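Only one structure is covered here, and it is reproduced in the block below.
Since the structure is predicted, the reported quantities are computational estimates derived from the model, not experimental observations. Counting convention: from 1, in listed order, for ligands and their atoms alike. Index from 1, following the sequence.
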Amino acid sequence: MNETQTATANNQPTMTTRRQFLQTIPATAAAFTIAGQVLLDESPAMAAQVAPLKGHFHPKGKPPSKHTLEVLRKARKKLPFGDKKDFEEQQKGFIAPMEDLKIMADAGHAAWDLERYQFLLEADDFDSIHPSLTRQSKLNMNYGLYEVIPGIYQVRGFDLSDISFVRGKTGWIVFDPLVSAEVARAALKLFQRHVGKGEPITTVIYSHSHVDHWGGVRGIVDEADVRSGKIEIIAPRDFMEHTISENVYAGNAMNRRLYYQYAILLPASPYGHAGQGLGQNVSNGNTGLIAPTRIIEDDIEYLTVDGVPMVFQNTPNTEAPSEMNTYFPEMKALWMAENVTSNLHNIYTLRGAPVRDALRWSKYINEALYLFGLEAEVMFAAHHWPRWGNERIKEILRAQRDLYAHMNNQSLHLANQGVTVNEIHNEYELPKSLQQQWHTRGYHGSAEHNSRGVVNRFLGFWDCNPATLVPLSPSDSAPLYVEMMGGAKKIMAKGRNLYDRGEYLLAQEILNKLVQAEPNNQKAKDLLADVFEQIGYQQENPGLRNSYLAGAYELRSGIPAGEPLKSASPDVIRAMSTELFLNFLGIRMDSRKAEGMQFTINLITPDNGEKFTIELSNATLTNIEGFLADDPDLTITINRSELEQTMMGAKTMEAQIADGTAKIEGDASFVKKLASTMVDFDPQFEIMPGTKERKADVEKADPYEAVPGETIAE
Ligand SMILES: [Zn+2]
């Protein structure tokens, strides 16, 4: 093979937005389904391809190699495909299909588009998607209205999550109104047409703090009805605090990492995004939040909601920091929120979050089993499909309980014998009996990244080898590796050799060093992309698959410029505490720009009675609530309701002062000084070296704008 052949497909896509990008891919994915027949790869992989691969969305895309095909073939043999129970349960109770597979956002773009995923139904199997993931994604094509039992209904497939309706005495009780208003509205419409008889919603229950369980609330209820007491909104303990705080401090990094975990840039395709495990994708409409009117405070709380007796079980620090299950004793129905869905969930989430407590998660499932599961006759949840019959429910609850406990216990068992965070994913294995149950397989979490997460939770990032304690940055150590390995040519030759032999993990080791050392070496980036692509095709877990394929995409094309920044939802800003906002300003401040500055500002917000002292000293911004400094350099008095304009980026603090909305006493120049230290985080910072190909600069925002990033579905 030679390098000129591999470098021919050099026409990089020049897109500006994801939408434009998606328009460039073929309208029908039918061509993809025969890929396995035409692309059996007998010749050395890198040499085989001169023209772009038909059906692949990227001109440099490659078919699965014979090694990848072999990995997928073995998985097909090993896994229990004869067990079709999930397909029976997924279809049971079907009432009506979703009529329009595309739901438009109020802003004019598609908020939801299931047409993109129709390709999943056009073949039994794909040679570039792990068969277990194909199976899960086919199961997630269950879009429409379903009866769980008489009196409980679900609309599925309108978003990443399901929306559920429970018959109350005077109307409908809604559990978890999806991510955005437009899809929630469409789901309600379908429900009302067939079952709801136009009767009103009396109550909304948020099962937990992730956005796919509350963001669409404004599509189904009017806030005035909540204020007047007509509609009650119920949520678990500490809901508001965690709803907002989980995504603020590291929000920009989390949003960037979503480009990998959720493959934000990749089209739906057998070579790209092939479902997200929990559902096909996340809707993209208007996200809003109406604060709950009642909080479930007790660990176990009994409450009759619109005539329906319910038992709530708070399960803090499980799948979400604030979450609860619900039992309906009269119907023997158990709602497991997102604590038990049809997969192994994330202990560590790839977008980034504090590692979850697998042992506690397991214990809450066990509690649900012993409190409710011994008599429950139906179990449903916020993703996937229900389970019927007490034996089936107990079987699922026991296996899910054991799944999270095993992950915790066995990872630590190995760690206590010296297995490190850098090895655990190669040592840890689920018990054979759990490997053979579909609902414990890794469609959101994986055994690999979760076991690393457990070790990280207890022992942190360090493997205790001094060589990795304060190591050089990859870009600083890589040039020495490249030199010692004999230079780029040798590494490329060896990399190709390893690629051709299917030794992808070894190939990525050396090619990554080369790319780190030579970020402008496009041939090296292309070869590493080819390696990532094969590893991606082999993954069962969508987050892992997406991450490899997204890495391949960015290595080949660079990071596309200019998806306009979606500003934070006004509801989310309103719900953010002033202290959280001030803490975040401390993060946005580039302390290098604040060297030598020293001042004290008092901030008073009369309408909510708050006061803060904000100090800049030692190039560090701190704040304390409830105190005012005796001798401040500046005092700002502004109503919290007006401050929100500044938090949102709609109006600068200087403008607030200029028009008299904010009253000041002291030296106003300190506002300007503080503003000069603020930095707008780049929502598309570089991850892989040499991938920053900007067409336009990121728009400048008000330096005080909170930009907490979007809330994140999970
Ligand atoms: Zn969810």
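- No donor-acceptor contact under 3.5 angstrom links the side chains of Asp238 and Ser322, judged on distance only.
- For Tyr443, the ring pair (Phe, Tyr, Trp, His ring centres under 6.0 Å) criterion is met by no residue, not counting sequence neighbours.
- Checked against a 6.0 Å centroid threshold, the rings of Tyr117 and His273 count as neighbours.
- A side-chain N or O of Asp306 and one of Thr202 form a donor-acceptor pair less than 3.5 Å apart.
- Sorted by chain and number, the protein atoms of type N, O or S within less than 2.8 Å of the Zn ion (ligand 1) are Asp212 OD2, His213 NE2, Glu338 OE1, His383 NE2, Glu714 O.
- Scored by the salt bridge (Lys or Arg N to Asp or Glu O under 4.0 Å) test, Arg387 finds Asp86, Glu89 as partners (sequence neighbours excluded).
- Scanning for side chain to side chain contact (heavy atoms under 4.5 Å, CB included) contacts around Arg256 gives Tyr259, Tyr260, Glu554, Ile559, Phe685, Ile687, with sequence neighbours left out.
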